[in-house]
**Student:** 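First the structure, which I've put down as structure tokens, then a few questions once you've had a look.
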Amino acid sequence: VSLLEEELQAEAEESTGAAARSPAALTAFRRGASGVTVPILTAVLAFIAGGLIVLATGHNPLSTYQSIFNGTGLNWLFPWVGGAERATAAGNLQQTLISATPLILVGLAVSFAFRAGLFNIGGQGQYTVGGIAAVWVGSSFAGLPPVLHIVFAIVAAAAAGAAWGGIAGVLKATTGANEVISTIMLNWVAIWLGVYCFQLGGPLHNPHMPSTPVSNNVVGGAKLPVFWGSASLQGLSIGIFISLALAVAYALLIQRTRLGYESRTVGFNPEAARYAGMNVGRTWIRVMLICGAFGGVAASLDILGWEFNLFTNVIETSQIGFYGIAVALLGRNTASGNVAAGILFGALLTGTSNRNINLSIDPTLVQYLTFMIEGIIILLVSTDLITLRLLKGGRRIGVALRRGPREAPRADQGGAA
Amino acid sequence: VSVGAIAVAPGRTVSAKQIGVAGIVVGAIAWVITVPPIEVRGMTPSIVLAVVAVLAGAWSIVGGERKLGSEAIVVALFAVAGAAASANSSTVTLESVFTWSALVAATLRYATPLLFAALGGLISERSGVINVGLEGQMLMGCFWGVYGADVLHSWVWGMLVAVIAGGLLGLLHAFFSVNLRANQIVSGFGINFLALGITGYFLEYHYGPNGTPLNISMVPNVKLPLIQHVGFFGTAFGSANLMTWIGIALVPALTFFLFRTRGGLRLRSVGEKPRAADTVGLSVARIRYAAVIASGMLAALGGAYLSVGFVGSFSNDMTNGRGFIGLAAMIFGKWKPWGALWACLLFGLGSALSDRVSGVNQTLGTLFEALPYVLTLVAVAGLVGRSRSPAADGIPYIRE
């Protein structure tokens with residue numbers, strides 16, 4: 001990536017005469033440019049690719065894009081949208097933000113690990129055990145005062161997630177076990193643990209639902225207050241603010257604390273960090289504990305915010321941890337990037353979900369189209385090169401257009417001499 | 001004479017390593033005696049044996065065999081848990097779960113798809129490309145195998161269609177990994193999503209709510225004429241599926257290819273030191289492409305076994321994480337074909353046991369499903385220093 005970025009940069013300098021700038025300014029510029037433009041362009045590309053797949057089923061391109069866009073609810077931001085359309089848009093935007101809430105946090109769970117040089121694929125498992133803990137606490141202890149109950153459930157979820165992440169951290173620190181493998185394994189252990197808990201006859205199964213493998217319902221006092229939309233129609237709860245607050249906390253943690261400094265140093269070069277007197281293993285463990293806590297809280301906000309119970313098939317089919325990897329990559333592991341990417345990804349998921357694409361085709365088919373679109377999005381996010389090449393191609397054309405007339409005579413002169 | 005060695009007779013000693021191995025064996029015996037055919041009732045003999053195993057493990061650790069010693073202790077702890085489970089079950093239950101001949105047959109059945117996935121993953125990772133997309137490639141083989149067998153009326157064609165579908169998805173993964181220098185783990189997950197969507201879409205589109213037809217041509221079982229009716233062996237091996245035998249035959253074939261042929265050497269060199277391979281004139285890109293496509297094809301065969309060889313139909317997300325278990329088996333087997341086979345058999349035994357336990361106690365059976373993953377965790381934690389992934393695994397190669 002860096003090679004192409006440099007190439008691209010050199011070309012941009014050539015055309016703008018920026019070569020005279022100081023190295024520090026250049027680095028800042030390069031970081032800023034690649035940190036903002038590339039993710040945005042990737043997202044746009046993904047959006048186009050998603051529309052193309054829908055197109056392949058033989059529907060009008062413009063109306064498809066429009067229905068995806070309207071499905072995200074982002075048209076709510078336009079002042080001219082009014083009446084019934086505005087009400088629908090508000091509902092859709094609530095859904096977008098509801099899906100963004102955990103995505104931001106699961107993204108942070110991946111991001112913080114990335115900063116410390118670890119690849120946390122375990123967001124899914126940390127999310128799952130967090131969900132188990134949140135739904136257990138939320139559906140028990142009915143006598144607790146509401147605020148206390150919510151805090152208890154969130155803390156329990158954070159602790160469960162932290163424990164799950166911590167296992168990978170401890171294994172990495174003490175035995176050198178590759179965290180990619182251990183977190184993938186822990187994901188599956190968590191899933192089977194969840195299925196075990198809530199299956200028919202399982203220890204946490206809802207006894208009032210003898211034929212459905214589901215948990216007990218979260219009691220009223222443990223539900224997060226809904227501040228936008230109707231609580232009975234899955235409105236937006238204050239969970240989004242908890243998510244945003246934790247993003248701010250992440251930024252402070254990374255930039256302003258000793259652990260943040262140590263984890264970044266370890267991420268750059270563990271050997272150098274060790275030589276500088278840092279305890280690399282301990283840093284890894286702490287980072288994975290915090291990552292796991294992020295994943296656990298993400299689940300608790302879903303459970304207490306709108307889900308209120310856990311079905312075993314939801315546990316088995318949830319893919320949120322993997323979306324989190326895409327969010328972290330798209331968000332360049334920064335707090336603001338994760339928030340933006342989380343909302344963007346939430347919008348993509350909501351906009352392309354079967355609820356919002358009115359294709360007048362079988363809804364089950366649309367569900368699988370959505371999977372395909374997600375696959376393409378994740379594939380696109382896995383690499384910057386497509387976007388970079390497109391950018392480069394675009395600039396080349398731009399440079400050629402601007403330079404064209406000037407360059408032609410110069411080449412002629414060269415030929416004559 | 002090293003520390004920890006024991007003098008058993010004048011001039012003869014037993015090394016710490018031997019003590020560690022003995023500890024593992026004794027630990028295993030502590031559990032084995034509690035299940036049929038021996039079926040010792042009560043915990044005491046098991047606990048005694050387990051204590052012996054722990055002591056041997058501790059001795060071995062003192063003698064410098066840290067890993068082996070801790071393994072003995074872990075085995076002993078698992079054995080005590082297993083023995084406790086046996087002690088709390090009735091003999092009827094035990095005998096219905098541990099019908100060894102049926103258990104072996106079921107183990108082979110469950111291990112076959114994992115084995116193909118594991119060998120696929122092995123080829124890819126040996127060339128330096130991590131293939132998390134195994135799950136998706138398997139799923140493609142699963143569906144397109146049924147589709148081919150249905151439309152072209154023969155399981156042979158079904159297998160061929162499956163292999164092509166898996167190969168195409170492998171090609172996509174290779175394009176992203178080699179040309180676009182993607183983060184291979186992320187692109188692998190993308191592949192999995194894509195496969196989930198594609199197979200689900202075409203399942204609905206072609207077959208609708210009724211699902212795939214029930215009378216497709218299936219991969220036959222191999223009836224071994226000599227031992228087919230010979231008690232234990234007959235039930236265990238007498239009528240295993242053709243794909244099971246092909247999978248097992250692939251293990252020595254792949255070992256030979258990887259470690260005894262020029263092509264295998266090239267493949268491994270690209271996975272270990274791509275720069276050096278490039279310098280001597282090998283095309284890193286081309287070899288990686290070939291490896292990843294082959295990987296997708298093998299995984300697809302495993303998937304096709306599941307649908308065309310075993311179940312006879314396709315249902316949505318049928319692989320259900322088997323690609324990941326295959327990946328785990330490959331790592332557990334230290335990136336070697338034989339190791340992968342043993343790991344797959346172990347995981348297959350876990351699934352077979354889980355199946356049997358579910359028949360007696362559904363709740364407990366679910367926990368057994370998690371066993372392969374827990375074992376892999378224990379393995380990656382314990383195998384430190386002895387196993388190592390190919391040096392360039394997961395790192396895109398950039399020519400200078």
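Computed from a prediction, not measured in an experiment: that's the story for all the values here.
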**Student:** Is A:Val195 close to B:Glu369 at the side-chain level, that is, under 4.5 Å between some pair of heavy atoms?
**Tutor:** no

**Student:** Using a 4.5 Å cut-off on heavy atoms from C-beta on, say whether the side chain of A:Tyr368 contacts that of B:Leu203.
**Tutor:** no

**Student:** With rounding to the nearest 0.5 Å, note down the distance linking CG in A:Leu379 to CG in B:Asn192.
**Tutor:** 9.5 Å

**Student:** Among A:Leu171, A:Thr174, A:Ile181, single out the residue with the greatest number of heavy-atom pairs under 4.5 Å to chain B.
**Tutor:** A:Ile181

**Student:** Heavy-atom distances under 4.5 Å only: say whether B:Phe324 touches chain A with side chain, backbone, both or neither.
**Tutor:** both

**Student:** With a 4.5 angstrom heavy-atom cut-off, which part of A:Leu329 approaches chain B: side chain, backbone, both or neither?
**Tutor:** side chain

**Student:** Write down the atom of B:Val186, the atom of A:Ile378, and the distance for their closest heavy-atom approach.
**Tutor:** O-CG2, 3.4 Å

**Student:** Would you check if B:Ile185 and A:Ile325 make a side-chain contact, meaning some heavy-atom pair closer than 4.5 Å?
**Tutor:** no

**Student:** Measure B:Leu371 against the heavy atoms of chain A and call it side chain, backbone, both or neither at under 4.5 Å.
**Tutor:** neither

**Student:** For residues A:Phe371 and B:Gly197, report the shortest heavy-atom separation together with the two atoms involved.
**Tutor:** CB-CA, 3.5 Å

**Student:** Answer yes or no: does atom CH2 of A:Trp136 have more than 12 heavy-atom neighbours from other residues, nucleotides or ligands under 6.0 Å?
**Tutor:** no

**Student:** Would you say that B:Thr366 contacts A:Trp192 through its side chain, given a criterion of any heavy-atom pair below 4.5 Å between the two side chains?
**Tutor:** yes

**Student:** Looking at every non-hydrogen atom in both residues, tell me the closest pair between B:Ile198 and A:Met372 and how far apart they are.
**Tutor:** N-CG, 3.7 Å

**Student:** Measure across B:Leu180 and A:Thr383 and return the closest heavy-atom pair with its distance rounded to 0.1 Å.
**Tutor:** O-OG1, 2.8 Å

**Student:** Just how far is it from atom CG of B:Asp317 to atom CD of A:Glu316, taken to the nearest 0.5 Å?
**Tutor:** 9.0 Å

**Student:** What part of A:Tyr196 gets within 4.5 angstrom of chain B, counting heavy atoms only: side chain, backbone, both, or neither?
**Tutor:** both

**Student:** Indicate yes or no: at least one non-hydrogen side-chain atom of A:Phe119 is less than 4.5 angstrom from one of B:Asn183.
**Tutor:** yes

**Student:** Which distance, rounded to the nearest 0.5 Å, do you find between the CD1 of A:Ile184 and the CG of B:Leu377?
**Tutor:** 11.0 Å

